[in-house]
Amino acid sequence: MSRLVVCCPLWLEARSLRRGLGAAGQVRRTGYGPTRAARAADRLRGDAYRIMAIAGAGGGLAAGQRPGDLVVSTQVSRPGSDRTVTTPSGPLLAGELRRDGLRATAGPVVTSGRLLLRRGQLDRLAAGGALAVDMESAPLLDGAAGRPAVVVRAISDTPQRPLLSPWAVPGGIAALRSLRLAGPALARWAAACAPRQVLLAGPRSFCAGVERAIEIVERVLDRQGPPVYVRKQIVHNKVVVTDLERRGAVFVDELDEVPDGATVVFSAHGVSPEVRREAAGRGLAAIDATCPLVAKVHAEARRFAAEGYQVALIGHAGHEEVEGTLGEAPQAMTLVETVADVARLRPADPGKVAYLMQTTLSTQEASGIADALLERFPAARGPGSDDICYATTNRQLAVRAIADQSDVVLVAGSANSSNSLRLVETAQRAGTPAYLIDGPEDIELGWLAGASVVGLTAGASAPPAVVGQIIDALSGLGPVEVSERVVATESIRFGLPKELKR
Ligand code: SF4
């Protein structure tokens, strides 16, 4: 008995799947409609297979769908019934299908007891949030009896291109083609199905500066209503930015995109004095969400520059925080990204060199560069207290603590998040494959095949809910045991700017 059984209601669907899946699983034709599906489920319940997939054509319900699009279930329900079966690994498979070049979305599927042809009936299902409708998935899932299961429906018809219309044949052909092409991803999904341990790094996710910055935008939205302009991403995270955009925040790259007299929020990464001057000159009401720990580095830059020091800023070119800090004293500051850059420094007075750091660097990498600076300029002055902030340091210590006990480490965070990228590098430096993901749909199933312990952390700008979504998705591949390694506890909170306290 194969590990994977794929249930296809119709012969043509089964044939397409067999072609795409090859020897990776057994395809069974289970028959059209809920009665035949229930009978097939009775037979499947006692069989020795370990993983179930249900694949076939389905009716599309969501706006913008086209024949051939794939819907992967996150849950399956029947209209009028309060019983819902969850299939949490749907986002993992949907992401994998998209990486194979297919149009795939994860979401709810409904199983109707009869063929629905009237537009109103379909609209009612769509209003409930379902993306696709079929007639077999709910009863067939009963046959999974707790084993990993997922439903893949290839859209053959939509409310705009209904079943009883000339679109039916091309729609059916497009659906069968997509089912065949879905085979390889389905095989990888099955290969990733296994019980596993999830090892959480603690602390992880939001830091005090990010929480404050998000709260600032939320408060301004509450007070003034949308739109609220924010210069640059408030924090470097796609999920956070998309959520705030949905609520009325408008993210702009430069102030000239902000209408005269509007309110603008400066992001957590800070801005240079030049940007503040421009905002004041334009009469914009600026609210500063710069993290107080970034502001501390700005103050140090001003102080050293005022005392006549040449300041080396250890950081990454192009990062908004670095641009803001360099802008505090452009004539006195030089960006240093590597040890080689240290050798290129030509200060006017080698006895008056100081250095500062970007707050989200790798502690290991930054101290290597600081050591090189001190070796070349033994009198060089550093910051009064660490510039690499507590949140960055703690998250790096925590990921280091789980990396060598994990087969793979997943870091929730966006590609432009410096501190999240440093977490990936820290885990990789410990010898463990590590990957940055915005959410479950970014997890490549090949990373999980053979990985019985998955280390999981999140950058300081990644919401805690994403960690929950990742664990949930992994639990759809088999039983998951979650444990946590906590290396530090955090209780830091930052107050809001004065404009929002009034
Ligand atoms: S990572 Fe550090 S510097 Fe950046 S916002 Fe969080 S606490 Fe502030």
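Values below: every heavy atom of this structure, side chains too, minus hydrogens, waters and symmetry copies. First listed ligand is number 1; within each ligand, the first listed atom is number 1.
At least one donor-acceptor pair under 3.5 Å links the side chain of Gln310 to the backbone N or O of Ala332.
If you count the protein N, O or S atoms nearer to atom 6 (Fe) of ligand 1 than 2.8 Å, you get 1.
The residues Asp243 and Arg246 are annotated as salt-bridged, a charged nitrogen and a carboxylate oxygen being separated by less than 4.0 angstrom. A salt bridge is absent between Arg231 and Glu257; no separation between the charged side-chain nitrogens and carboxylate oxygens falls under 4.0 Å. Salt-bridge check for Arg204 with Glu484: passed, with a basic side-chain N closer than 4.0 Å to an acidic carboxylate O. Using a cut-off of 4.0 Å between Lys/Arg side-chain N and Asp/Glu carboxylate O, Arg277 and Glu274 are scored as salt-bridged.
Listed by first then second residue, pairs satisfying salt bridge (Lys or Arg N to Asp or Glu O under 4.0 Å) with a partner in residues 440-450 read Arg98-Glu441, not counting sequence neighbours.
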